[in-house]
Protein chains: 2
Amino acid sequence: MERLIHSIRIGINDKIYLKDPESSDLGKRIIEQSILMIDEMGFESFTFRKLGERIKSNESSIYRYFENKHKLLLYLASWYWGWLEYKMVIATNGIANKIEKLQLAIEILTQTVEEDISFSHINEVLLNKIVINEYSKSYLTKEVDRENKDGYFVIYKRLVNRLREMIVLWDDQYPYPSSLASTILEGSLHQYFLQEHFPMLTDCNETTTPTEYFMDLVFRTLKPNSNG
Amino acid sequence: MERLIHSIRIGINDKIYLKDPESSDLGKRIIEQSILMIDEMGFESFTFRKLGERIKSNESSIYRYFENKHKLLLYLASWYWGWLEYKMVIATNGIANKIEKLQLAIEILTQTVEEDISFSHINEVLLNKIVINEYSKSYLTKEVDRENKDGYFVIYKRLVNRLREMIVLWDDQYPYPSSLASTILEGSLHQYFLQEHFPMLTDCNETTTPTEYFMDLVFRTLKPNSNG
DNA sequence: GCAAATATAAAAGTATTACTATCATACTAT
DNA sequence: ATAGTATGATAGTAATACTTTTATATTTGC
C-alpha cells in the first residue's frame with residue numbers, strides 16, 4: 001500500500017496544462033514550490049513572478065506550463081482529489097460489508113491529512129490545507145460551465161459519485177444520495193475551516209473531528225436496506 | 001410584515017465602510033448598481049472603475065465609501081445575512097411549538113429568494129445569487145482572522161447561532177448543533193450552486209429543493225426532547 | 001444670503017499584475 | 001556537428017487597484 005502510493009500517477013485532464021509538469025524537473029519544482037507558496041501567502045497574493053523568483057526560474061518559463069494561476073489551482077485540486085480517490089478505492093475495494101465500506105470511505109474522505117507520505121515533490125499535508133482554503137475559488141467563477149464541459153472537474157465529480165454509490169448500497173431508499181455525498185465532501189472542508197477560524201460555528205475541535213460529525217450524521221440519516 | 005420589511009435598516013459594522021452608503025444618493029447607487037454588476041460579470045471582473053462608469057460617477061468617489069471591492073462584498077453579504085436574520089426572527093418569534101419553530105427557520109434560511117420585495121435600492125433576488133456565488137470568497141482569505149476580530153462576520157455568526165439554539169431547543173442531546181447549523185447554511189448555498197452548475201452532484205432540481213433535502217436531513221438526525 | 005464646510009468630479013500618477021513577445025543560450029538526440 | 005527543444009533574460013503592454021491633487025458643486029450654519 002505504501003509502495004503503491006509512492007508510485008501513483010494521477011491522471012489529470014491534459015487541457016489543464018500546456019506542458020505536463022510531471023515531464024520535467026522544472027515542472028516538478030513549479031508544483032512543489034507553488035504548493036508551499038500558496039499555503040504561505042494565500043492564492044490571491046501568489047503570482048507566477050514570485051514563483052519564478054523562488055524557484056530561480058523565469059516567469060515566462062512557468063507560463064509555458066500553465067496558462068495562468070487559476071489553471072495551476074485546478075491542477076493542484078485535481079491532483080488532490082485524484083489522490084484521495086485512489087486512497088479511498090484501495091481501502092474500500094475488497095470490503096464486502098456495506099456499512100464497513102461506507103464507514104471507511106467517509107473516514108478517508110473527511111480525515112485531515114496528517115503526514116506527507118508520498119516522498120514525492122507533492123506535500124499532501126499542505127495540499128490538503130490549500131484545498132480547504134482555496135478549492136471553492138476554483139469553481140466559483142463565471143467560467144465554471146465552460147471549464148466543467150472541458151472536463152476540469154471530472155475527478156471531483158467521480159469521487160462524489162463513488163461516495164454516492166456507497167450510500168445507495170447501504171440505503172437504496174434514501175432520496176438524496178447525491179446531495180448527501182456532496183455535503184460530506186464540501187461540508188468536511190468547511191468544518192475544518194470553521195475549526196480554524198470560526199470555532200463558535202462548529203463542534204469540531206481537538207477532541208471531536210469532522211469525521212465523527214459526518215459519520216454520526218450519515219448513520220442517523222440512513223437506514224440499512226432490508227434485503228441485507 | 002411586508003411593511004416592516006420595507007423600512008428595515010440592517011445594522012452593519014461601520015468599520016466595513018469609510019462612509020455609510022445609506023447616507024447619500026451616491027452611496028445607494030453604489031450599492032444598487034454593484035449588485036447588478038457583480039451578478040452580471042462576477043466578482044473577479046467587477047472593478048470600481050467599471051462601477052464608476054456605470055453610475056456616471058468617479059472611481060475616486062467610490063473609494064470614499066469603500067476601501068476596496070472586498071469590503072464592498074463584506075458589506076453586501078452582511079446586509080444579506082442581516083436581512084435573512086430579520087425575516088427569520090420575525091417568522092419564528094411567536095412560535096411556541098418547537099418543531100414548527102425549527103421547521104420555519106430552516107425553511108427561511110434555505111429557501112431561494114424569489115422576488116424582490118423591499119422596493120428599495122437593494123435587489124434581494126440578485127443579492128441571494130451573489131451570496132451563492134461569491135460569499136465564500138469573503139472569508140477564504142489570509143485576512144479572515146483579523147477581519148473576524150474586527151467584527152465583519154458578526155451577523156452571519158449570530159444567524160448560525162440562532163439556528164443552533166433552535167436545534168438545541170428541539171433536541172438538547174444532539175452532540176453537534178453548531179456544526180449542523182453551519183452545515184445547513186453553507187450547505188444550502190452549495191446545493192443551489194450545484195443545482196445550477198453540477199446537477200449530477202445533487203438531488204435538487206426543479207421539483208426537489210435544498211429546503212426539502214435539509215428539512216429531511218435535520219429531522220432524520222434529531223430526536224425530540226423527552227421533556228417535551 | 002453668504003461664507004465655510006463638505007461632497008463629488010476630473011484628471012493624472014504609481015506600483016503591481018497578468019500576461020505576451022523576442023531573442024539568446026543551453027542541453028539533448030541523432 | 002547540427003537541428004530541435006527547453007529554458008532564461010529582457011522588455012513591453014494593458015489593466016488593476018489604488019492615491020493624490022485640484023476643481024467644482026452642494027449643503028449648512030449663522
Side-chain angles (χ1 to χ4, degrees), chain A residues 14-34 37-38 40-76 121 134 137-138 140-143 146-147, chain B residues 14-34 37-38 40-76 121 134 137-138 140-143 146-147:
Chain A
D14 59 15
K15 280 185 196 157
I16 290 183
Y17 49 75
L18 298 169
K19 181 174 153 71
D20 184 1
E22 288 294 321
S23 71
S24 73
D25 179 65
L26 177 60
K28 284 176 192 154
R29 268 157 54 221
I30 288 172
I31 299 303
E32 177 180 31
Q33 295 297 318
S34 65
M37 287 182 80
I38 293 172
E40 280 167 27
M41 61 178 63
F43 188 66
E44 276 63 48
S45 301
F46 169 79
T47 70
F48 279 1
R49 180 167 295 244
K50 290 174 188 168
L51 177 60
E53 282 164 27
R54 172 97 154 228
I55 64 179
K56 300 230 193 283
S57 173
N58 201 270
E59 198 186 4
S60 60
S61 301
I62 299 165
Y63 276 106
R64 292 204 185 88
Y65 284 83
F66 293 100
E67 271 178 68
N68 49 49
K69 68 175 181 174
H70 171 69
K71 288 284 181 78
L72 173 58
L73 179 61
L74 288 172
Y75 180 91
L76 296 178
H121 54 292
E134 322 286 359
K137 298 171 193 168
S138 78
L140 294 177
T141 68
K142 279 284 168 186
E143 295 75 38
R146 181 164 31 82
E147 295 188 342
Chain B
D14 59 15
K15 280 186 197 156
I16 290 183
Y17 47 76
L18 298 169
K19 181 174 152 73
D20 185 359
E22 287 295 321
S23 71
S24 73
D25 180 64
L26 178 61
K28 284 175 192 154
R29 270 156 54 221
I30 288 172
I31 299 303
E32 178 181 30
Q33 294 299 317
S34 67
M37 288 183 78
I38 293 172
E40 281 167 26
M41 61 179 62
F43 188 65
E44 277 60 52
S45 301
F46 168 79
T47 70
F48 280 0
R49 181 167 293 244
K50 290 174 188 168
L51 177 60
E53 281 164 27
R54 172 97 153 226
I55 64 179
K56 300 229 191 284
S57 173
N58 200 272
E59 197 186 3
S60 61
S61 302
I62 299 164
Y63 276 106
R64 292 208 184 81
Y65 285 83
F66 294 100
E67 272 179 69
N68 49 50
K69 66 175 182 173
H70 172 69
K71 288 283 180 77
L72 172 57
L73 180 61
L74 288 171
Y75 180 90
L76 295 178
H121 54 291
E134 322 286 359
K137 296 170 195 168
S138 77
L140 294 177
T141 68
K142 278 284 167 186
E143 296 76 36
R146 181 162 32 82
E147 295 189 342

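In the text below, chain A, chain B and the rest are named by the order of the sequence lines, each starting its count at 1.
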May I ask you to say what B:Ser61 touches in the nucleic acid, namely base, sugar-phosphate or nothing, with a heavy-atom cut-off under 4.0 Å?
base
Checking all strands, does A:Ser57 fall into the base, sugar-phosphate, or nothing category for heavy-atom contacts under 4.0 angstrom?
sugar-phosphate
Interatomic distance where CZ belongs to A:Phe48 and C1' belongs to C:dT16 [whole Å]
16 Å
Between the main-chain N or O of B:Leu140 and the side-chain N or O of A:Lys137, is there a donor-acceptor pair closer than 3.5 Å?
yes
Contact nearer the 5' end of DNA chain D, comparing B:Lys69 with A:Ser24:
A:Ser24
Starting from C1' on C:dA18, measure out to NZ on A:Lys50 and report it in whole angstrom.
12 Å
Quick one: is C:dT8 close enough that its OP1 or OP2 comes under 4.0 Å of any side-chain N or O from B:Lys56?
no
So A:Ser34 and A:Lys69, side chain to side chain contact (heavy atoms under 4.5 Å, CB included) or not? Walk me through it.
CA-CA 10 Å; A:Ser34 65; A:Lys69 68 175 181 174; over 6 Å; no
Does any donor atom in the side chain of A:His70 or B:Glu44 lie under 3.5 Å from an acceptor atom in the other side chain?
no
If you go through the side-chain atoms of B:Glu59, does one of them form a donor-acceptor pair with the base of D:dC18 closer than 3.5 Å?
yes
Length of the line joining B:Leu26:CG and C:dT6:P, which is rounded to integer Å
18 Å
Residue met sooner reading DNA chain C from 5', once A:Ser60 and A:Thr47 are mapped to nucleotides:
A:Thr47
Base, sugar-phosphate alone, or nothing: which one does A:Tyr63 contact when heavy atoms must sit under 4.0 Å apart?
base
Check step by step if salt bridge (Lys or Arg N to Asp or Glu O under 4.0 Å) holds for A:Arg54 and A:Glu40.
CA-CA 13 Å; A:Arg54 172 97 154 228; A:Glu40 280 167 27; 3.0 Å; yes
Across the strands shown, which category fits B:Tyr65 at heavy-atom distances under 4.0 angstrom: base, sugar-phosphate, nothing?
sugar-phosphate
